[in-house]
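For reference, the structure discussed in these notes is given below.
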Amino acid sequence: MECNASCEGSSYLRNVLMMGKRYSLRFYLVGAVAARAGDEMSGPALMLAAFALTGSTIAASSLLSGLTISAAVGGPMLGALLDRADRPGRLLAGVLVTYAVGLGMILGGLGRWPFAVTILIAAVTGLLGPALSGGWTAQLPRVVVGDHLPRANALDAMTFNMASLAGPALAGGVAEALGAPMAVVVSVVLIALALPAAWMLPARPDRVLGVQATSVTSDLVAGVRVIIGRPSLARATLTSTVSCIAQGMLMACIPLLGERVLGGASRGAVLLSCVAISALVANVALARFPRSVAPDTIIWASALVQAAALALAAWGEPVVLIVAVLIAGVGEGPQLAALFAVRHRDAPDHLRGQIFTTGASLKITGFALGSAVAGPVASWSLPDTLALAASVAVLAALVFFVIPSATANSSEDSTMSKLCDSQRRWSDCFRLLHEDRSTGGGQVRPSLGAPALPARCRFARFVSCSEAVSCGWPEGGDP
């Protein structure tokens with residue numbers, strides 16, 4: 001079968017080389033920090049604003065629940081649309097604008113419109129929340145490729161830690177100085193500051209020959225099948241989601257821990273800062289040594305670290321509590337970076353956005369579920385709630401091993417896997433391809449410096465690391 005991918009490969013190479021010239025990792029990270037800090041700030045700011053304008057704690061908590069719980073529905077659909085977009089950055093920028101407008105409408109409706117209408121607006125706005133987390137991160141392989149991706153992945157995870165540290169602190173500080181409604185306004189401004197970085201994200205490279213257009217529904221089904229069908233993705237998704245349930249339970253206990261252990265409910269914010277700081281430091285270390293431990297191992301081991309921290313927090317002593325939340329951050333930070341690494345490694349390029357946003361949706365929902373369950377239990381017994389949270393974190397580590405690991409079913413699968421691993425070092429399995437016109441056949445060959453491919457392999461371009469389009473290289477002799 002004759003290879004027809006020559007022009008496609010050359011065009012793809014030009015796109016990949018151009019993206020490094022016009023879009024830097026630093027620009028990506030600045031935009032990610034701004035968007036995620038605004039997102040992290042918006043929740044506490046809306047709660048403070050709702051309480052200030054309505055005087056009801058129930059209204060404040062209901063508003064936050066409406067904003068977060070709908071993410072489970074919006075994430076998969078949003079990811080599928082990002083995967084289908086030729087310029088996903090433009091779509092992402094539109095989502096950021098819509099999210100910011102939604103926050104403004106919620107603020108404007110508080111105390112003026114029926115509260116049910118405000119909750120409805122919050123739920124619709126929350127559908128777009130995963131774009132600020134998974135939707136943005138899914139674009140990273142188009143900014144950084146090859147051996148630089150693991151370090152960039154750790155730096156990207158650090159933006160979440162920085163945002164979780166700065167967002168709530170900014171919300172409290174602005175609300176104290178300028179009033180709670182202004183805290184919402186500042187969160188909208190931060191999200192707006194991320195628009196240029198989103199708009200200018202690299203375009204999707206040219207489509208691969210032989211890949212037919214599919215419907216959104218088909219893409220949604222395919223994304224779910226990939227998450228469930230690839231053991232590494234299924235393990236990472238399940239373990240991280242259950243871990244988020246435990247993290248949500250800890251969040252529900254923070255005010256009571258501040259009140260009963262540190263002498264004031266408001267001091268619980270110090271505990272959140274400790275978690276964010278230690279997570280940030282842990283990811284800084286991981287960025288320096290991105291290949292020191294396999295990401296799959298980090299995911300389940302981090303769950304056990306979080307379990308130990310939660311059990312230690314139940315001790316009830318101030319110094320022990322501070323140490324416990326610092327340990328919790330050491331577990332949370334690297335687990336997030338490892339989760340991103342597994343998704344970047346194993347998600348097909350044409351479904352990457354959906355897999356990231358679906359995972360983000362599940363985590364947000366798990367966090368909300370943990371908070372909802374732990375709230376009533378914590379008022380009855382705080383130590384028992386923390387012990388329950390520790391048990392959930394242990395369960396998160398155990399479910400990782402419930403899903404069997406993938407095994408090679410044939411020598412052909414083994415050869416293909418080795419080939420994928422080798423090619424990924426250069427360009428995410430297939431990116432740095434060039435046309436060797438001297439062959440006269442228009443065949444696409446590996447870029448200079450890549451290891452020689454087995455003579456028996458037929459290879460043109462990888463759609464994903466498990467799917468290839470035959471190129472027609474000769475089965476005998478040097479390709």
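None of these values were measured; they are calculated from a predicted model.
No option in L310, T385, V377, L271 other than T385 meets the side-chain contact (heavy atoms from CB on, under 4.5 Å) test with C253. Among N161, N153, T159, D156, the single residue meeting the side chain to side chain donor-acceptor pair (under 3.5 Å) criterion with N283 is N161.
Summarising the geometry of P76 relative to L220, their closest heavy-atom pair is O-CD2, 3.4 Å, with the distance given to 0.1 Å. Heavy-atom minimum distance, F27 versus M200: CE2-SD, 3.8 Å. Nearest heavy atoms, G316 versus V261: O-CG1, 3.7 Å. Of all heavy-atom pairs between V216 and M77, the closest is CG1-SD, 3.6 Å. Nearest approach of G223 to I355, heavy atoms of both residues: O-CG1, 4.4 Å. Residues A338 and I299 share a closest heavy-atom pair of CB-CG1, 3.8 Å.
Proximity of V323 to I327: side-chain heavy atoms (C-beta onward) are separated by under 4.5 Å at one or more points. When side chains are defined from C-beta on, L193 counts as touching L190, because their heavy atoms get closer than 4.5 Å. Counting heavy atoms from C-beta outward, V342 and L233 have side chains that approach closer than 4.5 Å. S42 is not listed as a side-chain neighbour of V184, based on a closest heavy-atom distance of 4.5 Å or more. At a threshold of 4.5 Å between non-hydrogen side-chain atoms, the residues Q354 and L351 count as touching. In this structure the side chain of M47 never reaches within 4.5 angstrom of the side chain of L63, judged on heavy atoms. Using a 4.5 Å heavy-atom cutoff, the side chains of Y99 and V188 are not in contact. You'll find the side chain of L326 stays beyond 4.5 Å of the side chain of I277, heavy atoms only.
Distance check: R84 CZ to L82 CG gives 12.0 Å after rounding to the nearest 0.5 Å. Summarising the geometry, atom CG belonging to L96 is positioned 7.0 Å from atom CD1 belonging to I191; distances are rounded to the nearest 0.5 Å. To the nearest 0.5 Å, atom CE of residue M251 and atom CG of residue L257 are 11.5 Å apart. In this structure, the separation between CD1 on I245 and NZ on K363 is 12.0 Å, given to the nearest 0.5 Å. Here the OG1 atom belonging to T98 is positioned 11.0 Å from the CG atom belonging to L103, to the nearest 0.5 angstrom. To the nearest 0.5 Å, the span separating CZ on F160 from CH2 on W136 amounts to 10.5 Å.
Judged purely by atom type and a 3.5 angstrom limit, R288 has no side-chain atom pairing as donor or acceptor with the backbone of V284. Between the side chain of R90 and the main chain of A198, no donor-acceptor pair closer than 3.5 Å is present. A donor-acceptor pair under 3.5 Å links the side-chain atoms of T365 to the main chain of S361, judged by distance alone. Of the possible polar contacts, none joining the D39 side chain to the L132 backbone as a donor-acceptor pair under 3.5 Å is found. A distance-only check finds no donor-acceptor pair linking the side chain of T357 to the backbone of P130 [under 3.5 Å]. Between the side chain of R235 and the backbone N or O of F401 there is no donor-acceptor pair closer than 3.5 Å. Checking side-chain atoms of T237 against main-chain N and O of A234 turns up no donor-acceptor pair under 3.5 Å.
Neither side chain, E332 nor S302, offers a donor N or O lying under 3.5 Å from an acceptor on the other. Between R36 and T137, the side chains place a donor N or O and an acceptor N or O closer than 3.5 Å (distance only, hydrogens not considered).
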- [ ] Begin from the C-alpha positions of Q335 and S243 and carry the test side chain to side chain donor-acceptor pair (under 3.5 Å) through to its verdict.
- [x] CA-CA 9 Å; Q335 186 183 60; S243 293; 3.2 Å; yes

TODO: Before giving the answer on side-chain contact (heavy atoms from CB on, under 4.5 Å), spell out for W113 and I121 the whole-Å C-alpha distance, their side-chain angles and the decisive distance to 0.1 Å.
DONE: CA-CA 11 Å; W113 303 339; I121 296 173; 3.5 Å; yes

Open item on the list: Under the criterion side-chain contact (heavy atoms from CB on, under 4.5 Å), I'd like the reasoning laid out for W315 against L321: C-alpha separation, chi angles, the key distance, then a yes or no.
Closed with: CA-CA 7 Å; W315 195 271; L321 178 60; over 6 Å; no

TODO: Evaluate side-chain contact (heavy atoms from CB on, under 4.5 Å) for L29 paired with R26, printing each intermediate quantity in order.
DONE: CA-CA 5 Å; L29 294 174; R26 183 175 300 177; 5.8 Å; no

Task: Full working for side-chain contact (heavy atoms from CB on, under 4.5 Å) between L140 and L25 - done: CA-CA 8 Å; L140 185 59; L25 175 62; 3.9 Å; yes

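Note on ring orientation: taking the six-membered ring where Trp is involved, the planes of H344 and F356 are tilted (angle from 30° to 60°).
Ion pairing between R345 and D296 holds under the 4.0 Å rule for side-chain N and carboxylate O. Note on R352 versus D349: salt bridge recorded, some NZ/NE/NH1/NH2 to OD/OE distance being below 4.0 Å.
Open room surrounds CZ on R151; 12 or fewer heavy atoms of other groups in view lie less than 6.0 Å from it. Open room surrounds CZ on R225; 12 or fewer heavy atoms of other groups in view lie less than 6.0 Å from it.
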